[in-house]
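Have a look at the structure below before the remarks.
Model, not experiment: these values are computed from the prediction.
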Amino acid sequence: DIGLLDADIHGPNIPKMLGIESEQVTGSGMGMIPVEVFPNLKVISMAFFIGDRDNPVVWRGPLKHNALSQFLGEVQWGNLDFLFVDLPPGTGDEPLSVAHLIKNVDGSIIVTTPQDVALLDSRKSVNFSRMLNIPVIGIVENMSGLLCPHCHKEIPLFKIGGGEKAAGDLKVPFLGKIPIDPEIVLNCDNGMPFVMSYPDSQAAKAFRDISARVKTYVGFQEIERKMEKEKFPY
C-alpha cells in the first residue's frame, strides 16, 4: 500500500488531481481513516477539512505543525510500503515540521523546472535536506521541453537541462526529465492520473523510469539498514 500526505496546507490540490475532492474523511476510535483511491493508495489532505474549496487556510507555523503531526500520528495508515509527503516549494514550516516529525526519512526528491529562477529555490532545497541529515534521492527536471504536435520537434519553453546541471553541480543523482504534455494539465483538472490515461506517452515513460529509480534507491537503503542492524543489534 502507498500513503500520500498532502502537506501543502495553504494550497492542498492532491484531491483535485485524483478526483476525490468531494470525499469525506471518517474517524474511528483509532483515529482518522484516509480516503482510499484505487485499491492501494491512501490520501490525507487539508482539502478534506476546509469545506468550500475557495476558503483560504490562514495559519501560522504552530497550527501547521499541529496539523501535520495529526496527519502523521492520528491517521490509520495501516501497513504501508511507502509514504510520500507532497510539500510546497521552499524551505519553510511544512518541510521543517515533516523532517522533525518523521525521524527516519528515506530521502527527499527535489522537483524543479529548468530555468534559473526555479533552480535557485531547488538548490536551496538540496542544502536544506543536507542540513537536516536527510539523504537527497535526486532531482527531477519537470516541464523539460515540449514536443510540438505539428512539426514534432522539441521546443525548450523553459529551457532544457537546468535540473540535470544542478544535480551535477551539487553532486546528487539526477532522476530524469518530464516533458511538457498538455494532456497532463487536462487530466489533473479532470481528476484522472495521466499515466493511466496515456501509458505509452513520453511523459508517462519518464514517470515510470523515475519511479523505478526511486524504488531502487529505497530498496538499497533498506538493505543497508538491515546490515547495520545485524552488525550492531543494540
Check for a donor-acceptor pair, side chain of D81 on one end and backbone N or O of D1 on the other, with a separation under 3.5 Å.
yes
Just by modelled atom types, is the S97 backbone N or O under 3.5 Å from a matching donor or acceptor in the H65 side chain?
no
So CD1 of I178 and CG of N142: to nearest 0.5 Å the spacing works out to 5.0 Å
Gap between atom CG of L96 and atom NZ of K64 - 0.5 Å precision:
11.0 Å
Give a yes or no on whether the backbone of G168 and the side-chain of K171 come within a donor-acceptor separation of less than 3.5 Å.
no
Nearest 0.5 Å, please: how far is CG in L101 from CD in Q70?
11.0 Å
If you count heavy atoms of other groups shown closer than 6.0 angstrom to CZ of R130, is the number above 12?
yes
Should the pair D93-R60 be classified as a salt bridge under the 4.0 Å nitrogen-to-oxygen rule?
no
Would you say V218 ends up clustered with V85 if hydrophobic residues are merged whenever their side chains have heavy atoms under 4.5 Å apart, either directly or through other cluster members?
yes
Knowing that exactly one of D6, N13, L41 qualifies, which makes a side chain to side chain contact (heavy atoms under 4.5 Å, CB included) with L18?
L41
Find out whether I9 and E94 are in side-chain contact, i.e. whether some heavy atom of one side chain is under 4.5 Å from a heavy atom of the other.
yes
Going by heavy atoms in the side chains, are T91 and S125 under 4.5 Å from each other?
yes
Enclosure of K205 NZ (heavy-atom neighbours >12, cutoff 6.0 Å)
no
Just verifying a value: how many Å separate M32 CE and F48 CZ, rounded to the nearest 0.5 Å?
11.5 Å
Distance from D181 atom CG to Q202 atom CD, nearest 0.5 Å?
8.5 Å
For S122 against V111, the heavy-atom pair lying closest together:
OG-O, 4.1 Å
Kindly work out whether a path of hydrophobic side-chain contacts (I/L/V/M/F/W/Y, heavy atoms less than 4.5 Å apart) joins L120 to V126.
no
Is any side-chain heavy atom of L175 closer than 4.5 Å to one of Y217?
no
Does F38 reach the side chain of P193, with side-chain heavy atoms less than 4.5 Å apart?
yes
For A118 against T113, the heavy-atom pair lying closest together
CB-OG1, 3.0 Å
Chi angles and distances behind the side chain to side chain contact (heavy atoms under 4.5 Å, CB included) call for E154, I160:
CA-CA 10 Å; E154 190 175 51; I160 293 174; 3.4 Å; yes
Could you walk me through whether H10 and M46 pass side chain to side chain contact (heavy atoms under 4.5 Å, CB included), step by step?
CA-CA 8 Å; H10 299 289; M46 183 58 66; over 6 Å; no
Do D86 side-chain atoms and A7 backbone N/O form a donor-acceptor pair below 3.5 Å?
no
Ion pair R123/D169, N-O distance below 4.0 Å:
yes
For the hydrophobic clusters of this structure (ILVMFWY residues joined by side-chain heavy atoms under 4.5 Å, transitively), does one cluster hold both I14 and V75?
yes
Intermediate values then yes/no, side chain to side chain contact (heavy atoms under 4.5 Å, CB included), F174 and K165
CA-CA 9 Å; F174 181 66; K165 181 179 184 303; over 6 Å; no
Any side-chain heavy atom of L83 sitting closer than 4.5 Å to one from L80?
yes
Do the non-hydrogen side-chain atoms of V35 and V25 ever get within less than 4.5 Å of each other?
yes
Please examine the side chains of F158 and I180, heavy atoms only from C-beta on, and report whether any two atoms are closer than 4.5 Å.
yes
Would a distance-only check, ignoring hydrogens and angles, find a side-chain to backbone donor-acceptor pair under 3.5 Å from K159 to P114?
no
Start with the C-alpha gap between V43 and I20, add the side-chain angles, then the distance that decides, and say whether side chain to side chain contact (heavy atoms under 4.5 Å, CB included) holds.
CA-CA 9 Å; V43 181; I20 53 175; 4.1 Å; yes
Donor-acceptor pair, S144 side chain versus E141 backbone, under 3.5 Å?
no
Might you point out which heavy atoms bring F84 and I2 nearest each other, and give the distance in Å?
CD1-CG2, 3.8 Å
Gap separating the CG atom of L68 from the CD1 atom of I102, nearest 0.5 angstrom
9.0 Å
Quick one: closest heavy-atom pair of G163 and T112, and the distance?
CA-CG2, 3.9 Å
Of all heavy-atom pairs linking F207 and F194, the shortest is CE1-CD2, 4.3 Å
Shared ILVMFWY cluster between I137 and L119, side chains joined below 4.5 angstrom?
no
If two hydrophobic side chains count as joined below 4.5 Å and joins carry through other members, does V98 share a cluster with F128?
yes
Flag the pair L146 / P182 as yes when at least one side-chain heavy-atom distance between them is below 4.5 Å, and no otherwise.
yes
Is the backbone N or O of A67 less than 3.5 Å from a side-chain atom of W59, with the two atoms forming a donor-acceptor pair by type?
no
When you measure from the side chain of N190 to the backbone N and O of M192, does any donor-acceptor pair fall under 3.5 Å?
no
In this structure, are over 12 heavy atoms from other groups packed under 6.0 Å from N79 atom CG?
no
Taking S45 for the side chain and A47 for the main chain, is one N or O donor matched with an acceptor at less than 3.5 Å?
yes
Any donor-acceptor N/O pair, Q76 side chain to I33 backbone, under 3.5 Å:
no
On a heavy-atom basis, the closest approach of L132 and A99 is CD1-CB, 3.6 Å
